Amino acid sequence: MKRASGIAMAAPFEVMVGRIETLAVDVIVNAANRQLAPGTGVDGAIRAAASPALTAHTNALPGLDEGEAVLTPGFNLPAGHIIHTAAPVWAEDGDEGQKIAGLAGCYMSAIKLARMHNLTSIAFPCLGAGNYGWPRGFACAIAIAACEQALEQAPEIQRVIFCCFTEDDAQIYRAALS
């Protein structure tokens with residue numbers, strides 16, 4: 001997506017409040033840990049809805065570096081697939097620029113995987129903004145910028161949903177996209 005006069009173009013972006021594991025889209029994105037081990041928050045909700053087959057599947061996969069992503073089936077989810085990606089932890093020691101690049105990489109890797117598998121609708125949670133401690137507005141700005149950049153190489157992706165758990169988070173995304 002291009003920016004006109006510094007204002008982000010909204011299409012194909014949507015913002016909603018809901019539970020990502022309930023969405024009937026081609027692929028949802030999971031806020032995974034680097035080991036792809038069962039976690040809490042978004043990961044726990046997705047695993048509970050998908051079935052134990054998801055954990056059996058991820059147990060056989062190698063871990064991820066920050067910003068990388070891997071595709072799995074959706075199992076019992078309404079979404080056909082799940083992209084698991086590992087964000088950096090904001091509060092951990094390390095170079096801030098590398099952390100920003102890592103979080104942006106999560107979005108860019110997910111869109112690249114979706115494009116490679118001919119998936120046209122993708123839903124993201126607020127990656128990094130939960131247990132990983134990223135300031136919500138900052139994480140939102142990174143998410144939108146990374147998606148805009150990745151979508152330049154993925155014109156077939158028709159829907160990008162930012163699925164927020166709270167209305168407060170959704171307002172941050174709506175304001176950033178307006």
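All heavy atoms count here, side chains included; hydrogens, waters and symmetry mates do not. The structure displayed is predicted, hence computed values, not measured ones.
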Any sub-3.5 Å donor-acceptor pair from [X]'s side-chain atoms to [Y]'s backbone N or O?
{"X": "T120", "Y": "I157", "result": "no"}
{"X": "S121", "Y": "R159", "result": "no"}
{"X": "S51", "Y": "N76", "result": "no"}
{"X": "Q149", "Y": "A146", "result": "no"}
{"X": "T55", "Y": "P52", "result": "no"}
{"X": "Y132", "Y": "A31", "result": "no"}
{"X": "R34", "Y": "G63", "result": "no"}
{"X": "D95", "Y": "Q98", "result": "yes"}
{"X": "W134", "Y": "P88", "result": "yes"}

Tell me whether [X] shares a hydrophobic cluster with [Y], the cluster being built from Ile, Leu, Val, Met, Phe, Trp, Tyr side chains joined at under 4.5 Å.
{"X": "I83", "Y": "L103", "result": "yes"}
{"X": "V42", "Y": "L54", "result": "yes"}
{"X": "V25", "Y": "F162", "result": "no"}

Measuring from [X]:[atom1] to [Y]:[atom2], what's the distance to the nearest 0.5 Å?
{"X": "I142", "Y": "C147", "atom1": "CD1", "atom2": "SG", "result": "11.5 Å"}
{"X": "L113", "Y": "M108", "atom1": "CG", "atom2": "CE", "result": "13.0 Å"}
{"X": "I161", "Y": "E14", "atom1": "CD1", "atom2": "CD", "result": "4.5 Å"}

State, yes or no, whether a side-chain contact exists between [X] and [Y] at a heavy-atom distance under 4.5 Å.
{"X": "H57", "Y": "P73", "answer": "yes"}
{"X": "Q158", "Y": "P12", "answer": "no"}
{"X": "C164", "Y": "C126", "answer": "yes"}
{"X": "H84", "Y": "T58", "answer": "yes"}
{"X": "T85", "Y": "N30", "answer": "no"}
{"X": "I122", "Y": "V160", "answer": "yes"}
{"X": "H117", "Y": "L71", "answer": "yes"}
{"X": "L23", "Y": "P78", "answer": "no"}

How close do [X] and [Y] get, heavy atom to heavy atom, and via which atoms?
{"X": "R115", "Y": "Q153", "value": "CD-O, 2.9 Å"}
{"X": "I20", "Y": "A123", "value": "CD1-O, 3.4 Å"}
{"X": "A86", "Y": "C106", "value": "O-SG, 3.3 Å"}

Handout entry: Residue that, paired with F124, satisfies ring-ring contact (aromatic ring centres under 6.0 Å, His included) out of F13, Y107, F165, Y173
Key =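 Result for ring-ring contact (aromatic ring centres under 6.0 Å, His included) with F124: Y107.
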Practice task
Verify the neighbour count for atom CD of Q171: are there more than 12 heavy atoms of other residues, nucleotides or ligands below 6.0 Å?
Solution key: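 Yes, CD of Q171 has more than 12 neighbouring heavy atoms, counting only those of other groups under 6.0 Å.
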